[in-house]
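Chain A is the first sequence line, chain B the second, and so forth, proteins listed ahead of strands; every chain is numbered from 1.
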Number of protein chains: 4
Amino acid sequence: MVRYKKSEEKRKQILYAAFQALTESGYDSVTLQTIADHAEVSKGVVHYYFENKEAVLVELLAWLTGKISAKEQSAVQEQHTATGKLAAYIDSAFAGPAQNRSFYRVYLDFLARASRIPVYREINQRFYDSCAAISTEVLNLGQEEGIFSRELTPDKTSPVIRAIIDGCLIQWLMTDDDDLHATFKESCYTAIMKVLSV
Amino acid sequence: MVRYKKSEEKRKQILYAAFQALTESGYDSVTLQTIADHAEVSKGVVHYYFENKEAVLVELLAWLTGKISAKEQSAVQEQHTATGKLAAYIDSAFAGPAQNRSFYRVYLDFLARASRIPVYREINQRFYDSCAAISTEVLNLGQEEGIFSRELTPDKTSPVIRAIIDGCLIQWLMTDDDDLHATFKESCYTAIMKVLSV
Amino acid sequence: MVRYKKSEEKRKQILYAAFQALTESGYDSVTLQTIADHAEVSKGVVHYYFENKEAVLVELLAWLTGKISAKEQSAVQEQHTATGKLAAYIDSAFAGPAQNRSFYRVYLDFLARASRIPVYREINQRFYDSCAAISTEVLNLGQEEGIFSRELTPDKTSPVIRAIIDGCLIQWLMTDDDDLHATFKESCYTAIMKVLSV
Amino acid sequence: MVRYKKSEEKRKQILYAAFQALTESGYDSVTLQTIADHAEVSKGVVHYYFENKEAVLVELLAWLTGKISAKEQSAVQEQHTATGKLAAYIDSAFAGPAQNRSFYRVYLDFLARASRIPVYREINQRFYDSCAAISTEVLNLGQEEGIFSRELTPDKTSPVIRAIIDGCLIQWLMTDDDDLHATFKESCYTAIMKVLSV
DNA sequence: TATGAATGAGGCTTCATTCAT
DNA sequence: AATGAATGAAGCCTCATTCAT
């Protein structure tokens, strides 16, 4: 019983509405009504396109992290030096105050869930894998260029790089100050460079 | 006086129960009943000691971060070299797989809330201030010792240090692998040392 | 003319689908979607052919009881002795495990409704009238043959005959055992014979 | 976690309210609100005493059939001849127009469910077992008295007796005529006597 | 102090029905 | 004729909160 020709576009519309709603309201207080309101559809439509509320949220995490992965990947591909790629990666991650605020508010909720619920963890893992691929590429290239320490291995270094990026963005998020965004990006870049350098 | 003490004790009991419940269940699905069950008291008691559910959770964040701050502070005080203090700080933060898992599961939920709700952000800020005090102490001492870069300022460096700690612990949490805890602690220490070193 | 025929056919198709759906699901949990699925048409078609869900079900009862009446009537007409007719009537009513199970599951739901809603009761009454006509025919012939008691009147006896048939089939249905179907038919026949005999 | 000191009385109150609601509304249209209204409690109370709606209804069937079994059993015990016991049994089953109407409306709904859902069937089976015990007692005594056929066995005869009782009461219910209640009781008694007699 | 029965608001979900295509 | 997307009413259920004891 394949009941799924249903417009992909509308699914996206609902996912985006869910993202907006989550940005404003938080996981525990977001309701299907809020999501429907943001999508400017009736409550029933959400159920028409998604099995249930959980399914919307799971798919939202997958969609969000997928988009970010793609953006980061493509930004990195455009650069051809280790530092260029690293800067592109960080620039892409620090997309801007508004975007980072929206995303990290929601992402923190998802991480909290991922720490308890396997399905969220698996989706997040795919995101981490993408991040690791980028880090590995940067590290390998930098090592070839002779600017990054030969002693570093991708599997131990990659998580640290993502840790610094996420950690810095969380620190920035808590300042609630858009003006500091650039500063934190700078600090993040510097820190990662120090971690990688010979 | 006696009553006050007894009352304080029971408040703690309820807060600890809330912590356990949150560890297991997550912010959105924790109920007062769950908390009461963990505290082995009736549901009414929770309302007797706390205005409402929100009050329990707000106080829990304050209590948790307060305890961690105190532990970290005292661990650092026992050391008298920059590296000693730094190691003590990180050891204290990486208290162990079980404790870190419990805490970070709950803390991620709180961070998600803090990103939206001022009262949580303020409490978290107090925690960050305590972390910054430690970092500043470590940095200053290291600079005196000549092992840390003189160019680093506490206000820009402290958040990065905490970013790396939290970032690494989140990365570890997502692996769901107790055995990797030591590895992540090690990576965290190494990364911070590189960030600080001359 | 052609359209009307085609239309009638599709109505039957939907009614039969409703019957199948009801057999499986029960009155309270059968949905128009289930009916549409069984009929292999879209949900809209059901509304195209029937005013609303209730109309489908009302018409289903009429259709089902009509078919059974016709079958019983014609089976009885083929026999020419009182016992022959009675046996034919009971054989027809005890059509077989699969058919009886399907029908009585649905019929019990309808009887429950008929006990509250006039339109169902009226349709059921037409069925009872048909049963009464058969019983009367059997009784009259048997009295002429001298094998049935002269003291019995059709209006008091007919309901008892149907009571025994329905009662026995309900008892059998509750056993959930196909093998007992024959036994219950036999018991039913014997009981009715005793009730009618001189 | 035995959370059940909860007043048995209130459970009964709710069950009785459910019975009233079902009598009026039918299985598919009865709501927890209706039940709560009949019980003159809030909707939440029903959930406080019962796991869910299904649990109310399952327990209702058990309670209703249990009460009827008890009444029939005790009525039969007071008599000491086969015909006396049989008459008492039937009198008890034909308790009166109002009671029979209420009960059989609800019971037909339950039988419809019992034909599909094991838990209902099992409860109904306990009721049938009780009926069979009575029939067996009547039959055995009547055979000793020499008024009932020695060829009848309890296991084949008991279902027929209950079939005639239920069948007749359903026939009566469909007449929607209180005045015919006595007539149907009489017919029922006569029919069973004929079935049992030598 | 402590209990837990009771309330009712509000969420998720189902589904009959409508309607544009 | 037929489809299936969309709507929204209504049901079940959860749970924070209140309150009598």
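In this structure, C:Tyr107 has its ring center under 6.0 Å from that of C:Tyr104.
Across E:dA2, F:dA1, F:dT7, the shortest atom-to-atom separation from the side chain of C:Tyr48 is found for F:dA1. Nearest to the side chain of A:Lys10, among E:dA2, E:dT7, F:dA6, sits F:dA6.
Qualifying side chain to side chain contact (heavy atoms under 4.5 Å, CB included) partners for C:Ala112, counting only residues two or more places apart in sequence or in other chains: C:Arg116, D:Leu108, D:Asp109. Considering only residues two or more places apart in sequence or on other chains, C:Asp28 meets the side-chain hydrogen bond (donor to acceptor under 3.5 Å, both in side chains) condition with D:Arg113. Applying the ring pair (Phe, Tyr, Trp, His ring centres under 6.0 Å) test to C:Phe50 and every residue at least two apart in sequence or in another chain returns nothing. Under the ring pair (Phe, Tyr, Trp, His ring centres under 6.0 Å) criterion, A:Phe19 pairs with no residue at all, not counting sequence neighbours.
The OH atom of B:Tyr27 sits 15 Å away from the C1' atom of F:dC15 (whole-angstrom rounding). Here the P atom of nucleotide E:dG11 and the CG atom of A:Asp37 are 11 Å apart, to the nearest Å. Taking atom CD1 on C:Ile35 and atom P on F:dT3, their separation rounds to 16 Å, with Å as the unit. Atom CD in B:Glu40 sits roughly 16 Å away from atom C1' in E:dT3 (whole-Å rounding).
Side-chain atoms of D:Tyr49 and D:Glu8 form no donor-acceptor pair, as typed in the model, at a separation below 3.5 Å.
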Would you write out the dot-bracket form of DNA chain E, 5' to 3', with Watson-Crick and G-U pairs under 3.5 Å, [ ] for crossing pairs, | for pairs to other strands and . for unpaired bases?
-> .||||||||||||||||||||
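With values rounded to the nearest 0.5 angstrom, B:His38 atom NE2 is found 10.0 Å from B:Glu40 atom CD.
Contact between the side-chain N/O atoms of C:Tyr49 and the OP1/OP2 oxygens of F:dA1 is not found at any separation under 4.0 Å.
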Could you write nucleotides 13-21 of chain E as a row of B, S and -, 5' to 3', where a protein heavy atom under 4.0 Å of any base atom gives B, of only sugar-phosphate atoms gives S, and otherwise -?
-> BBSSBB---
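The residues A:Glu59 and A:Arg11 are annotated as salt-bridged, a charged nitrogen and a carboxylate oxygen being separated by less than 4.0 angstrom.
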